[in-house]
Amino acid sequence: PRASCACCAEPPALRQASPVLSPSSAVYLMESKSCKGDSLRPAVPCKHSVEKKTMTNPTTVIEIYPDTTEVNDYYLWSIFNFVYLNFCCLGFIALAYSLKVRDKKLLNDLNGAVEDAKTARLFNITSSALATFCIILIFIFLRYPLTDY
């Protein structure tokens, strides 16, 4: 019987000199470790067959990440504050933190995303409250000018 790859094949000189054996006795001689004087070489494991074994048994790795959809990024609120109520650039800072939350959610950094979401919410609340307070003050002073006092 011939080997399946070239590295395990017998040289031509040994192949011609070896006696004709039945398949069962050839297998016995190949598996026997005590036959030092035989003209057959002992079986040498082929490195290609080992590679084929590792390639035919692939392993599947399933990575389970924490659910990051529960972290709110306050993105729309930040855009609204940036465009309409950007009091002392607090809306811009809130928008920057909202984008950081989205980036950290993509990187599966749940703790960092939660911390930045809290910061974005704080800046959004502050920006909205101060801008609303300023708008109310403007309407009051337009209705009742200071010249009346």
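Note that these values count all heavy atoms, side chains included, but never hydrogens, waters or copies made by symmetry. Nothing fancy with the numbering, it's 1 onward along the sequence.
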Practice item. Check whether the side chains of Trp77 and Ser98 place a donor and an acceptor atom closer than 3.5 Å, and report yes or no. Key: no
Practice item. Would you please test Leu122 and Lys118 for side-chain contact (heavy atoms from CB on, under 4.5 Å) and show each step? Key: CA-CA 6 Å; Leu122 176 72; Lys118 288 179 183 178; over 6 Å; no
Check your understanding: Should Tyr75 and Tyr84 be counted in the same cluster of Ile, Leu, Val, Met, Phe, Trp and Tyr side chains packed under 4.5 Å apart?
Key -> yes
Point to revise | Same apolar cluster (I L V M F W Y, side chains within < 4.5 Å links), Phe92/Ile79 | key: yes
**Study point:** Selection residues 121-131 - residue pairs positive for salt bridge (Lys or Arg N to Asp or Glu O under 4.0 Å), sequence neighbours left out
**Key:** none
Check your understanding: Are the side chain of Lys100 and the backbone of Asp116 linked by a donor-acceptor contact shorter than 3.5 Å?
Key -> no
Exercise for review: Give a yes or no on whether the backbone of Leu85 and the side-chain of Ser128 come within a donor-acceptor separation of less than 3.5 Å.
Suggested key: no
Review point. Is the backbone N or O of Asn124 less than 3.5 Å from a side-chain atom of Asn81, with the two atoms forming a donor-acceptor pair by type?
Key: yes
Point to revise | For Tyr97, the rest of its hydrophobic cluster, which grows through side-chain links under 4.5 angstrom | key: Phe87, Leu90, Ile93, Phe123, Leu130
Revision key, fill the gap. One should read off an interatomic distance between Leu110 CG and Lys104 NZ, to the nearest 0.5 angstrom, of 11.5 Å
Exercise for review: Find out if a path of hydrophobic residues (ILVMFWY) with successive side-chain heavy-atom gaps under 4.5 Å connects Phe139 to Phe133.
Suggested key: no
Exercise for review: Please report the shortest heavy-atom distance between Val71 and Lys105, naming the atom on each side.
Suggested key: O-NZ, 3.1 Å
Review point. With hydrophobic residues grouped by side-chain heavy-atom distances under 4.5 Å, do Ile135 and Phe80 end up in a single group?
Key: yes
Review point. So do Glu115 and Thr119 actually touch side chain to side chain, heavy atoms under 4.5 Å?
Key: no
Review point. Do Leu99 and Phe82 share a hydrophobic cluster (ILVMFWY, side-chain heavy atoms under 4.5 Å, transitive)?
Key: yes
